[in-house]
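First the structure, in the form of structure tokens, and then the observations on it.
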Amino acid sequence: MMQSRTHTCNELRIGDAGRKVKIVGWMENIREVSASLAFVVVRDFYGITQVVVETEEMMKVFRDITRESTISVEGTVRERASKNPKLPTGDIEVVPEKLEVLGRCRYNELPFQINRSREADETTRLKYRYLDLRNPEVKNNIILRCGVVAALRASMLEHGFLEITTPILTASSPEGARDYLVPARNHPGKFYALPQAPQQFKQLLMTSGFDRYFQIAPCFRDEDARADRSPGEFYQLDMEMAFANQEDVFAVLEDVLPPIFAKYGKYNIASAAPFRRISFNDAMETYGSDKPDLRIDLTVQDATKVLSGCGFEPFAGNTVKAVVVPDFTQPRKFIDQLCADVEVQASSKPYWFRLDENGELVGGISKFVAEKKDAVTAALGLKPGCFVGLASGKRSAAQKTAGVLRKMLGVSVPGHIDTERYEFCWIVDFPMYEIGEESGELEFCHNPFSMPNGGLEILEKAERHEADPLTITAYQYDLVCNGVELSSGAVRNHDPEIMIKAFELVGLGENDVKAKFPAMYNAFCYGAPPHAGIAPGVDRMVMLLAGEDSIREIIPFPMNKNAQDLMMGAPSEVEPQQLRELHIAPVEKD
RNA sequence: GGCCCAGUAGUUCAGUUGGUUAGAACGCCAGCCUGUCACGCUGGAGGUCGACGGUUCGAGCCCGUUCUGGGUCGCCA
């Protein structure tokens with residue numbers, strides 16, 4: 001008896017002619033050219049091979065097989081009479097002698113055509129993901145993902161990092177995203193939580209004496225989805241280094257990422273190390289975003305001063321930001337659509353005017369600008385043909401709206417973005433504190449466990465009102481690529497004294513630190529190394545590398561926007577007995 | 001939770017000012033075709049126009065409600 005197969009569907013070449021072979025796979029298509037001549041396409045993971053049918057008996061057998069059934073074909077390899085140069089196996093075909101149906105497809109109509117599944121409705125694709133994944137275009141993203149993960153792992157090991165797994169069932173953490181909770185059967189009323197990130201564990205590993213840790217870590221957050229954010233679960237290349245500072249972390253990622261982006265990316269141009277560094281404040285001021293897409297050549301300018309008192313009501317008492325596009329030739333309809341799109345995304349209305357070819361102010365709010373024409377022209381560096389988009393509001397709102405304006409103009413006005421490249425940058429010097437919008441009180445801006453720039457000294461100064469706490473920055477950083485936030489990281493605050501002081505500034509104290517992060521606080525009291533780390537999102541990296549706009553395209557079995565797995569039917573109801581064991585009362589239904 | 005967009009054949013879509021029997025492409029079925037490779041040609045089957053209600057002599061189209069999906073804001077230390 002022959003083995004289950006002798007060759008894959010991407011293996012046979014002209015040199016195999018005359019050989020007895022057995023191939024297996026899915027019957028993708030049958031092209032009947034006459035009553036006794038047909039071509040059958042067999043597809044497996046590796047590729048496709050053509051089987052030629054030349055007898056009426058064989059034709060009868062093949063005609064009874066539904067497409068997408070799995071079959072095995074034993075036969076002889078033969079040189080094709082008419083070759084197909086587009087196929088690796090295009091020089092040969094298999095003349096079948098023995099045919100076996102291995103798994104019959106019971107339906108002659110599928111929910112979608114396999115080779116066009118990407119055009120199908122996403123709900124249908126997700127429900128029949130196992131069919132969707134048969135499409136080589138869909139499957140290739142998953143293969144790419146394997147390659148990227150393997151390369152990341154290899155590179156991290158090469159850089160001396162140890163891969164250490166951390167618990168999936170752990171304790172709920174009091175801050176951050178909503179947790180996924182798991183009821184504890186043996187502890188009525190108590191719950192485990194799935195980790196939002198292995199943050200505390202990796203810091204405890206540093207305190208334990210491990211020097212360089214990494215993990216391709218599953219993270220769970222019960223937050224709503226976005227096109228670039230999978231609901232429920234995602235993966236991070238989580239890493240942490242002991243006796244390390246910001247520079248050490250940057251050096252590792254600047255060494256690890258570019259070669260992988262160059263090798264696996266859809267585009268082969270990636271920024272070289274060292275990546276550009278932009279302070280949070282500069283990013284907001286110049287790009288109107290803390291995740292600027294540096295492929296766009298437009299920037300945001302301040303127009304508050306030059307437009308103050310121009311008489312346009314929305315500008316009165318507000319910050320005004322401008323995005324100038326030279327040689328602008330788009331029609332009015334384009335501008336209206338752009339403004340509508342910006343308003344939707346920024347939830348704030350943008351304004352505009354133009355300088356026409358003769359240098360005359362036209363359109364939009366030009367009549368309010370007219371009086372200050374010379375000053376505005378000089379301040380913004382305007383030339384005939386310029387379009388000026390404007391955003392106003394409180395400082396951060398104006399920046400944000402201008403950022404959306406910049407991005408949309410950059411993407412839709414030809415010539416302002418080079419999409420075929422990867423542009424990395426670090427966003428650094430995030431503020432440590434902010435005034436909470438609801439409370440009006442001083443609050444932590446981001447991670448309360450980042451090391452403040454200036455250490456204990458600057459915190460004590462702030463306490464004595466000798467320094468403005470709002471100007472204190474943290475050793476916290478984001479890695480951004482093509483406008484996508486790949487990662488957040490920080491130099492951690494490993495000193496209990498500084499930690500308590502940082503909490504005291506927002507009206508909390510030692511007891512709060514202890515209560516919220518007991519293990520970490522206790523551990524740091526036993527001599528902790530200074531440490532720093534970061535956790536680039538694996539899914540987002542693969543999405544960038546694959547050139548996909550939706551994160552679901554690079555996840556093998558994605559959930560939909562509402563965090564449902566349509567294929568498995570999750571989440572699902574469970575038996576009342578299961579709930580009783582877990583001390584949970586069934587939900588009363590209306 | 002707010003806002004925007006979409007929902008018509010198995011799939012992707014078109015459907016004019018509200019007007020006879022709702023169309024196309026692909027797929028499916030049948031027939032023809034001896035070198036196809038997105039095979040070709042001929043014919044056929046296939047529709048609760050997401051659901052409910054309203055306006056109207058008449059609704060796929062207008063109005064209201066609702067459901068589903070996608071995008072986005074909030075949220076994501």
So what does [X] hit on the nucleic acid, given a heavy-atom distance under 4.0 Å: a base, only sugar-phosphate, or nothing?
X: Asp222(A); value: nothing
X: Glu443(A); value: nothing
X: Arg492(A); value: nothing
X: Asn115(A); value: nothing
X: Arg116(A); value: sugar-phosphate
X: Glu122(A); value: sugar-phosphate
X: Phe39(A); value: base
X: Asn108(A); value: sugar-phosphate
X: Ser82(A); value: base
X: Arg118(A); value: nothing
X: Leu110(A); value: sugar-phosphate
X: Lys400(A); value: sugar-phosphate
X: Arg63(A); value: sugar-phosphate

Side-chain contact test, heavy atoms from C-beta onward, threshold under 4.5 Å: evaluate it for Leu505(A) versus Leu459(A) and give yes or no.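 Side chain of Leu505(A) against side chain of Leu459(A), heavy atoms only: contact under 4.5 Å found.
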
Take the protein atom [atom1] of [X] and the nucleotide atom [atom2] of [N], then report the distance between them rounded to whole Å.
X: Leu566(A); N: U68(B); atom1: CG; atom2: P; value: 12 Å
X: Lys127(A); N: U68(B); atom1: NZ; atom2: C1'; value: 13 Å
X: Asn84(A); N: C39(B); atom1: CG; atom2: P; value: 11 Å
X: Arg134(A); N: U11(B); atom1: CZ; atom2: C1'; value: 17 Å
X: Ile114(A); N: G10(B); atom1: CD1; atom2: C1'; value: 13 Å
X: Leu37(A); N: C37(B); atom1: CG; atom2: P; value: 12 Å
X: Tyr235(A); N: C76(B); atom1: OH; atom2: C1'; value: 19 Å

Among U11(B), G35(B), C76(B), which nucleotide has an atom closest to any side-chain atom of Ala120(A)?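 Closest of the options to the side chain of Ala120(A): U11(B).
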
Ignoring the backbone of Gln113(A), work out which of C37(B), C26(B), U72(B) is nearest its side chain.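 Looking only at heavy atoms from C-beta outward on Gln113(A), the closest nucleotide is C26(B).
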
Given [N], is OP1 or OP2 found less than 4.0 Å from the side-chain N or O atoms of [X]?
X: Lys86(A); N: A38(B); value: yes
X: Arg80(A); N: C37(B); value: no
X: Arg221(A); N: C75(B); value: no
X: Arg67(A); N: G10(B); value: no
X: Gln564(A); N: G69(B); value: yes

Any N or O donor-acceptor pair under 3.5 Å from the base of [N] to the side chain of [X]?
X: Arg31(A); N: C33(B); result: no
X: Lys561(A); N: U72(B); result: yes
X: Arg552(A); N: G71(B); result: no
X: Asp224(A); N: G74(B); result: yes

Any strand: nucleotide that pairs with [N] via Watson-Crick or wobble, under 3.5 Å:
N: G18(B); result: none
N: C3(B); result: G71(B)
N: C62(B); result: G54(B)

Exercise: do [X] and [Y] side chains pair donor with acceptor under 3.5 Å:
X: Asn560(A); Y: Glu122(A); answer: no
X: Asn29(A); Y: Arg67(A); answer: yes
X: Asp238(A); Y: Tyr213(A); answer: yes

Surrounding CG of Asn562(A) (heavy atoms of other residues, nucleotides or ligands, distance under 6.0 Å), is the total greater than 12?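 Counting other residues, nucleotides and ligands, CG of Asn562(A) exceeds 12 neighbours.
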
Using atom [atom1] of each nucleotide, how far apart are [N] and [M] to the nearest Å?
N: C49(B); M: C62(B); atom1: C1'; answer: 16 Å
N: C4(B); M: U17(B); atom1: C1'; answer: 27 Å
N: U12(B); M: G47(B); atom1: C1'; answer: 16 Å

Pick one: which of Phe503(A), Tyr475(A), Tyr521(A) meets ring-ring contact (aromatic ring centres under 6.0 Å, His included) with Phe449(A)?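 Exactly one candidate clears the test, Phe503(A).
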
Assign each of Glu119(A) and Asn29(A) to its nearest nucleotide of RNA chain B by heavy atoms, then name whichever residue's nucleotide is nearer the 5' end.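 With Glu119(A) and Asn29(A) compared, the 5'-side residue is Glu119(A).
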
Could you pick out which residue, Glu109(A) or Thr124(A), lies toward the 5' side of RNA chain B when each is mapped onto its nearest nucleotide?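 With Glu109(A) and Thr124(A) compared, the 5'-side residue is Thr124(A).
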
Does a side-chain N-to-carboxylate-O contact under 4.0 Å join Glu93(A) and Lys83(A)?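 A salt bridge is absent here (no side-chain N lies under 4.0 Å from a carboxylate O).
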
Take Asp478(A) and Ser488(A) through the side chain to side chain donor-acceptor pair (under 3.5 Å) test and state the conclusion after the steps. CA-CA 4 Å; Asp478(A) 277 6; Ser488(A) 266; 2.5 Å; yes

